[in-house]
Amino acid sequence: MNHWLMKSEPDTFGIDHLAKKPKQTAGWDGVRNFQARNFLREMRVGDLAFFYHSSCDVVGIAGIVKVVREAYPDRTAFDPKDDHYDADSKPDQPRWYMVDVQLVRKFDHVIALDELRKHASGKLKDMVVLKRGNRLSITPVTKSEWQFIESLAGK
DNA sequence: GCCAACGTTGGC
DNA sequence: GCCAACGTTGGC
């Protein structure tokens, strides 16, 4: 099983939106970056991911989700009216993919980016999301990073 | 294949 | 709103 970190802007879609969905499950669509897409396609049912809030008051990890459906074509790319429309993605040859995720747990407090950075030269020294200039919306997380961050969240 | 221009991301 | 960093595009 692999671990991931998935970014979203909570003003658009945050962990509380996911919590209110039927079965607390939603499609993670709108990824329009090739590297992030490739990671999406590596995800397997049962993989766990941190739900990261970006571009907001409290930037950081808000909770945990799990993959419940593996990559399938992102329909929003086919819809000219959608913000994420991409004329180069055709239904018979889709360029973009999405997965479905289900809420596992919302942390009682967001683990702030500041807090994560405190460990940027220690336990989290290789964490992708802490690297300078990182903009990837989907990044892999190692097992040790995962366990350490979970311990920061408390049980 | 290079690289400048451009658009986007995302922390602050 | 600013701006650094980055990915993508397109002319050559």
Side-chain angles (χ1 to χ4, degrees), chain A residues 2-21 26-43 47-67 70-101 103-142 145-146 148-154:
Chain A
N2 287 313
H3 299 91
W4 308 93
L5 180 143
M6 306 171 85
K7 288 184 193 172
S8 185
E9 298 187 14
D11 291 344
T12 308
F13 188 82
I15 200 161
D16 291 329
H17 293 97
L18 180 60
K20 286 183 192 132
K21 291 275 182 182
W28 199 278
D29 58 19
V31 171
R32 295 293 179 270
N33 168 286
F34 291 105
Q35 213 179 335
R37 178 205 66 184
N38 294 344
F39 285 135
L40 265 185
R41 291 201 293 206
E42 286 179 34
M43 290 182 175
D47 280 4
L48 296 172
F50 288 129
F51 194 131
Y52 180 94
H53 284 175
S54 67
S55 301
C56 58
D57 285 350
V58 190
V59 170
I61 296 171
I64 295 173
V65 300
K66 74 176 173 196
V67 176
E70 291 174 18
Y72 58 103
D74 183 344
R75 291 172 248 95
T76 64
F78 307 142
D79 178 2
K81 290 189 290 293
D82 195 280
D83 284 347
H84 296 108
Y85 175 63
D86 180 358
D88 291 334
S89 185
K90 313 280 189 198
D92 57 336
Q93 206 174 358
R95 175 185 266 200
W96 305 114
Y97 288 79
M98 57 192 281
V99 297
D100 287 354
V101 298
L103 183 65
V104 170
R105 149 174 199 229
K106 178 185 170 182
F107 296 152
D108 13 281
H109 66 280
V110 173
I111 304 175
L113 185 56
D114 282 352
E115 192 174 352
L116 295 173
R117 285 203 199 283
K118 286 179 193 161
H119 308 281
S121 50
K123 299 255 191 195
L124 302 180
K125 71 176 164 55
D126 295 320
M127 189 149 181
V128 181
V129 80
L130 298 183
K131 302 220 163 147
R132 200 173 70 124
N134 170 74
R135 296 185 348 189
L136 267 186
S137 61
I138 311 279
T139 55
V141 172
T142 68
E145 288 162 353
W146 182 274
F148 179 69
I149 291 169
E150 259 200 319
S151 75
L152 292 180

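Below, all heavy atoms of this structure are taken into account, side chains as well, without hydrogens, waters or symmetry copies. Letters go in sequence order (proteins before strands), and every chain restarts at 1.
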Enquirer: Take atom CG of N134(A) and atom P of dT8(B), then tell me their distance rounded to the nearest Å.
Expert: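 Whole-Å distance recorded here is 19 Å.
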Enquirer: Starting at atom CG of N33(A), determine the distance to atom P of dT9(C), rounded to an integer number of angstrom.
Expert: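 The answer, rounded to whole Å, is 11 Å.
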Enquirer: Counting side-chain heavy atoms from C-beta on, which of dG10(B), dA5(C), dG11(B) comes nearest to L113(A)?
Expert: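 Comparing dG10(B), dA5(C), dG11(B) against the side chain of L113(A), the answer is dG11(B).
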Enquirer: Checking side chain to side chain contact (heavy atoms under 4.5 Å, CB included) for the pair I111(A)/F50(A): CA distance, chi angles, key distance, verdict?
Expert: CA-CA 10 Å; I111(A) 304 175; F50(A) 288 129; over 6 Å; no
Enquirer: Between Y52(A) and dG11(B), is there a side-chain N or O to OP1/OP2 distance below 4.0 Å?
Expert: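 Looking at the OP1 and OP2 atoms of dG11(B), one of them is under 4.0 Å from a side-chain N or O of Y52(A).
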Enquirer: Using atom CG of L116(A) as one end and atom C1' of dG11(B) as the other, report the distance to the nearest whole Å.
Expert: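 The distance from CG of L116(A) to C1' of dG11(B) comes to 14 Å, rounded to the nearest Å.
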Enquirer: In terms of side-chain heavy atoms of R95(A), which of dG11(B), dT9(C), dA5(C) is nearest?
Expert: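 It is dT9(C).
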Enquirer: So does K7(A) get a side-chain nitrogen or oxygen closer than 4.0 Å to the phosphate oxygens (OP1/OP2) of dT9(B)?
Expert: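 No, because none of the side-chain N or O atoms of K7(A) sits under 4.0 Å from OP1 or OP2 of dT9(B).
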Enquirer: Can you measure R132(A) atom CZ to dC12(B) atom C1' for me and round it to whole angstrom units?
Expert: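 Rounding to the nearest Å, CZ of R132(A) and C1' of dC12(B) are 15 Å apart.
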Enquirer: For S54(A), report the nucleic acid contact type (base, sugar-phosphate, nothing); a contact means any heavy atom under 4.0 Å.
Expert: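 It contacts sugar-phosphate atoms only.
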Enquirer: Atom CD of Q35(A) to atom C1' of dT8(C): distance rounded to whole Å?
Expert: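 Result: 13 Å.
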Enquirer: Roughly how far, to the nearest 0.5 Å, is the CD atom of Q35(A) from the CZ atom of R135(A)?
Expert: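 So the CZ of R135(A) and the CD of Q35(A) are separated by 11.0 Å.
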Enquirer: L136(A) has an atom CG; how far is it from atom P of dT9(B), in whole Å?
Expert: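 Rounded to whole Å, this separation is 12 Å.
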Enquirer: Would you mind reading off the distance between F34(A) atom CZ and dT9(C) atom C1', rounded to a whole angstrom?
Expert: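 Taking CZ of F34(A) and C1' of dT9(C), I get 11 Å after rounding.
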Enquirer: If you look at every strand shown and take non-hydrogen atoms under 4.0 Å, does R32(A) touch a base, only sugar-phosphate, or nothing?
Expert: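 Nothing: the residue R32(A), judged by heavy atoms under 4.0 Å, touches no strand.
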Enquirer: Atom CD of E115(A) to atom C1' of dG11(B): distance rounded to whole Å?
Expert: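 The answer, rounded to whole Å, is 17 Å.
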Enquirer: Picking from dT8(C), dG7(C), dG11(B), which would you name as closest to the side chain of R135(A)?
Expert: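 For R135(A), the side-chain atoms sit closest to dG7(C).
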Enquirer: Please output the side-chain donor-acceptor pairs of residues 87-95 of chain A that fall under 3.5 Å, not counting sequence neighbours, one pair per line with the distance.
Expert:
residue : atom : partner : partner atom : Å
S89(A)  : OG   : R95(A)  : N            : 2.8
K90(A)  : NZ   : A87(A)  : O            : 3.2
R95(A)  : NH1  : D86(A)  : OD2          : 3.4

Enquirer: Can you spot which of N2(A), L48(A), V67(A), V101(A) makes a side-chain contact (heavy atoms from CB on, under 4.5 Å) with M43(A)?
Expert: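 Considering N2(A), L48(A), V67(A), V101(A), a side-chain contact (heavy atoms from CB on, under 4.5 Å) with M43(A) is found only for V67(A).
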Enquirer: Tell me, please, which residues at least two apart from F78(A) pass ring-ring contact (aromatic ring centres under 6.0 Å, His included).
Expert: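 F78(A) satisfies ring-ring contact (aromatic ring centres under 6.0 Å, His included) with no other residue.
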